[in-house]
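Each remark here refers to the structure printed beneath this line.
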Amino acid sequence: DQQVKQNSPSLSVQEGRISILNCDYTNSMFDYFLWYKKYPAEGPTFLISISSIKDKNEDGRFTVFLNKSAKHLSLHIVPSQPGDSAVYFCAASDSSGGYQKVTFGTGTKLQVIP
Amino acid sequence: DVKVTQSSRYLVKRTGEKVFLECVQDMDHENMFWYRQDPGLGLRLIYFSYDVKMKEKGDIPEGYSVSREKKERFSLILESASTNQTSMYLCASSFGTGTNEQFFGPGTRLTVL
């Protein structure tokens, strides 16, 4: 049972344009969400997070939007750069386990074309 | 900078062998995790530990065990490796409770023949 779903396995975007990566979740207990970025042959690195008390969090070129009623979040990258080409994982956790356990999605491979 | 290191980047083992994957973190983190990454399945949690000698099963613990004798070290053990355990194994650590990010090691690509 996949509680965190990323339905697009891959995405190609032109350099300078906006990249939008989507994520859906089914567990209504999740109240904290994260995005990680992974380059080949490296471990994932934390990118940005959002608490369920917010609907938007911004960090430079990266913005995460949360729609709790739809159980949907998205990551916007503006403008996209070739160095953003990587696999992006959406993740979710909840307070019942002290937020220690995180459930990851299947990942979306982003390719930014120069 | 937090550093999480894994003992091997690449490992090739035979079916039935006992396999040890070691992970060490240098930031005094309480929590440590073992994941496997497979195409189309993302990262799946095998086991995690929130304290020395403590362990909790993740989503796919079957065929694996873990050991945490020291705070900085978390070992994943495949008692009898099977071909379906061929995968990328990722170790991570995080600080205490709360919404703290996990820091990952570079991964170990394990092939079981």
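Scope of the values below: all heavy atoms of this structure, side chains included, with no hydrogens, waters or symmetry mates. Throughout, protein chains are lettered first and strands after them, A, B, ... in sequence-line order, and every chain is numbered starting at 1.
Heavy-atom distances place no part of Arg44(B) under 4.5 Å from chain A, backbone and side chain included. For Val102(A), the parts lying near chain B are the backbone and the side chain together; criterion is any non-hydrogen pair under 4.5 Å. For chain B, the nearby parts of Pro44(A) are the backbone and the side chain; heavy atoms of each come within less than 4.5 Å.
Nearest heavy-atom pair across Thr106(A) and Leu41(B) is CG2-C, 3.9 Å.
The structure places CD of Glu42(A) at 13.0 Å from CZ of Phe104(B), a figure rounded to the nearest 0.5 Å. Considering CZ of Phe46(A) and CG of Asn100(B), their distance stands at 10.0 Å, rounded to 0.5 Å. To the nearest 0.5 Å, atoms OG1 (Thr103(A)) and CG (Leu43(B)) are separated by 11.0 Å.
Residues Ile46(B) and Tyr35(B) do not share a hydrophobic cluster, defined by chaining ILVMFWY side chains whose heavy atoms lie under 4.5 Å apart. By the rule that hydrophobic residues join a cluster once side-chain heavy atoms approach within less than 4.5 Å of another member, Leu110(A) and Phe104(A) end up as members of separate clusters. A chain of hydrophobic side-chain contacts below 4.5 Å, direct or via other Ile, Leu, Val, Met, Phe, Trp or Tyr residues, connects Tyr89(B) to Leu11(B).
Other residues, nucleotides and ligands contribute over 12 non-hydrogen atoms within 6.0 Å of the NZ atom of Lys68(A). With a 6.0 Å radius and a threshold of 12 heavy atoms from other residues, nucleotides or ligands, Tyr32(A) has its OH atom above the threshold. The 12-atom threshold is exceeded at NZ of Lys71(B), counting heavy atoms of other residues, nucleotides or ligands nearer than 6.0 Å. Within a 6.0 Å radius of CZ in Arg61(A), other residues, nucleotides and ligands contribute more than 12 heavy atoms.
Considering only heavy-atom pairs separated by less than 4.5 Å from chain B, the leading option among Ser93(A), Gly107(A), Ala41(A) is Ala41(A).
Within the 4.5 Å cutoff, the side chain of Lys38(A) has heavy atoms near those of the Gln37(B) side chain.
Side chain of Tyr36(A) to backbone of Glu101(B): no donor-acceptor contact under 3.5 angstrom is found.
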